[in-house]
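Accompanying notes for the structure given below.
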Amino acid sequence: MEKMTVQELSQATRKLKAKFDAHDGGNGDAHLPATFECDGFESAADKVVIDSWAQTARTTTELDVMNLDFGRWIATGYTNGPKTYDGHAAMVTVSGQGSFKHINFMSIATGQTFVRDVYATHDTGWADTSWVSLVPTNGFTGKLQVKSNDMQSTRLIEVQFDLTCSIKSSDTITFGTLPAGFPPLDAASEPMYFPCRGALDDKTNVLASVYLTAGNELTVFRTDGAYPDKSLVAISGYFSYTR
């Protein structure tokens with residue numbers, strides 16, 4: 001081994017430290033996150049989420065989702081999961097009592113969530129609780145999304161939209177219909193009304209209103225009366241209700 005003076009050793013140490021500090025990914029964001037198959041670095045965001053799950057989730061060797069006991073389970077390679085499930089890591093929460101099971105299946109990779117209720121011989125099958133994108137109708141363009149959330153005793157329906165349009169002062173126009181599987185209002189029910197934001201063609205901000213009919217149709221109409229000569233060119237909003 002070559003002998004070094006104290007000064008040479010100090011210089012070599014400084015050079016080595018500089019190389020270490022400047023290595024690719026030294027700022028902490030260039031390493032791949034860990035997966036179930038490969039070691040790696042865990043992102044800060046993933047650590048918060050996964051640590052919170054780990055407080056209650058348990059690993060399991062029972063991979064048939066329908067045979068899991070009550071509790072929260074985490075594993076790969078489940079069977080009898082949703083059709084789109086491809087074997088990656090997922091967390092399954094089974095709640096209920098006796099012969100009733102409410103199963104919540106969440107993909108850790110994508111965050112997509114499915115639910116399923118089983119009671120005796122009744123089985124709802126897997127229902128996707130992710131946002132569903134709809135194609136607006138009657139000349140409306142933009143984002144229109146709906147979501148159905150199973151709350152065990154009821155269902156929470158959510159609707160969000162950000163659309164362009166052209167609505168005169170007296171127009172009432174249907175811009176979308178909730179898809180099959182979303183429970184409609186009773187035939188004798190009055191429409192449900194929800195306020196939303198609007199913008200006129202001169203960029204004036206106004207209020208508008210959306211209502212949901214028994215046929216699950218979404219319709220918008222203007223509530224401003226001060227600008228009869230202006231067109232409503234944009235609407236946006238969010239609302240939810242239970243069924």
Side-chain angles (χ1 to χ4, degrees), residues 29 43-49 52-53 84 104 106-115 126-243:
D29 63 1
S43 71
D46 286 345
K47 180 171 178 58
V48 172
V49 176
S52 67
W53 291 340
T84 57
N104 183 295
M106 188 187 74
S107 164
I108 294 177
T110 65
Q112 192 172 18
T113 301
F114 300 83
V115 294
W126 292 110
D128 187 351
T129 62
S130 303
W131 286 103
V132 177
S133 295
L134 305 180
V135 178
T137 58
N138 292 324
F140 286 74
T141 59
K143 182 177 74 174
L144 173 57
Q145 295 180 311
V146 295
K147 181 197 286 190
S148 176
N149 305 280
D150 193 334
M151 311 295 286
Q152 297 192 34
S153 61
T154 187
R155 293 177 74 179
L156 174 68
I157 309 299
E158 298 178 86
V159 180
Q160 62 181 6
F161 52 95
D162 188 358
L163 302 167
T164 58
C165 55
S166 179
I167 303 176
K168 305 299 182 183
S169 61
S170 59
D171 286 347
T172 299
I173 304 177
T174 297
F175 61 89
T177 303
L178 301 189
F182 283 70
L185 302 181
D186 297 333
S189 297
E190 293 292 325
M192 299 176 66
Y193 292 86
F194 306 94
C196 70
R197 299 179 298 274
L200 301 180
D201 51 15
D202 64 354
K203 299 184 179 180
T204 300
N205 293 322
V206 295
L207 288 177
S209 184
V210 168
Y211 65 89
L212 178 70
T213 68
N216 267 355
E217 291 185 337
L218 296 165
T219 301
V220 63
F221 66 95
R222 292 177 59 169
T223 55
D224 66 282
Y227 309 95
D229 58 333
K230 302 294 183 182
S231 293
L232 186 69
V233 297
I235 57 170
S236 61
Y238 165 90
F239 63 85
S240 63
Y241 60 96
T242 57
R243 292 296 297 150

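This one's a predicted model, so the numbers in the text were calculated from it and none came from an experiment. Just so it is clear, the values below take in all heavy atoms, side chains as well, and ignore hydrogens, waters and symmetry mates.
Considering all non-hydrogen atoms of both residues, G176 and L144 come closest at CA-CD2, 4.2 Å. Here the shortest heavy-atom pairing between T177 and G215 reads CG2-O, 3.9 Å. Contact detail for C165 and I235: the closest heavy-atom pair is SG-CG2, 4.4 Å. Scanning both residues, P136 and G142, for their nearest heavy atoms gives CG-O, 3.8 Å. Shortest non-hydrogen contact noted between A208 and V220 is CB-CG2, 4.3 Å.
Ring pair Y238/W131 is perpendicular by interplanar angle, where above 60° counts as perpendicular and below 30° as parallel.
Panel note: side chain D162, backbone K143; no donor-acceptor pair is recorded below 3.5 Å. A donor-acceptor pair under 3.5 Å is absent between the side-chain atoms of S231 and the main chain of S166, judged by distance alone.
Distance check, rounded to the nearest 0.5 Å: CD of E158 to OG1 of T242 gives 11.5 Å. Note that CG of N138 is 6.5 Å distant from OG1 of T174, once rounded to the nearest 0.5 Å. Rounded to the nearest 0.5 Å, atoms NZ (K147) and OG1 (T113) are 8.0 Å apart. For the atom pair L207 CG and R197 CZ, the distance stands at 10.0 Å (nearest 0.5 Å). If you take CD on Q160 and CZ on F239, they are separated by 11.0 Å, rounding to the nearest 0.5 Å.
With sequence neighbours left out, D224 forms a salt bridge (Lys or Arg N to Asp or Glu O under 4.0 Å) with R222. Under the rule for a side-chain hydrogen bond (donor to acceptor under 3.5 Å, both in side chains), the partners of T204 that lie at least two apart in sequence or sit in another chain are D202. The ring-ring contact (aromatic ring centres under 6.0 Å, His included) search around Y193 returns Y211, not counting sequence neighbours.
At a threshold of 4.5 Å between non-hydrogen side-chain atoms, the residues V159 and F194 do not count as touching. When side chains are defined from C-beta on, F161 counts as touching C196, because their heavy atoms get closer than 4.5 Å. Looking at L232 and L200, their side chains come closer than 4.5 Å, going by heavy atoms from C-beta outward.
Each of I173, V135, L218, T164 was evaluated against F140; a single residue qualifies, I173, per the side chain to side chain contact (heavy atoms under 4.5 Å, CB included) test.
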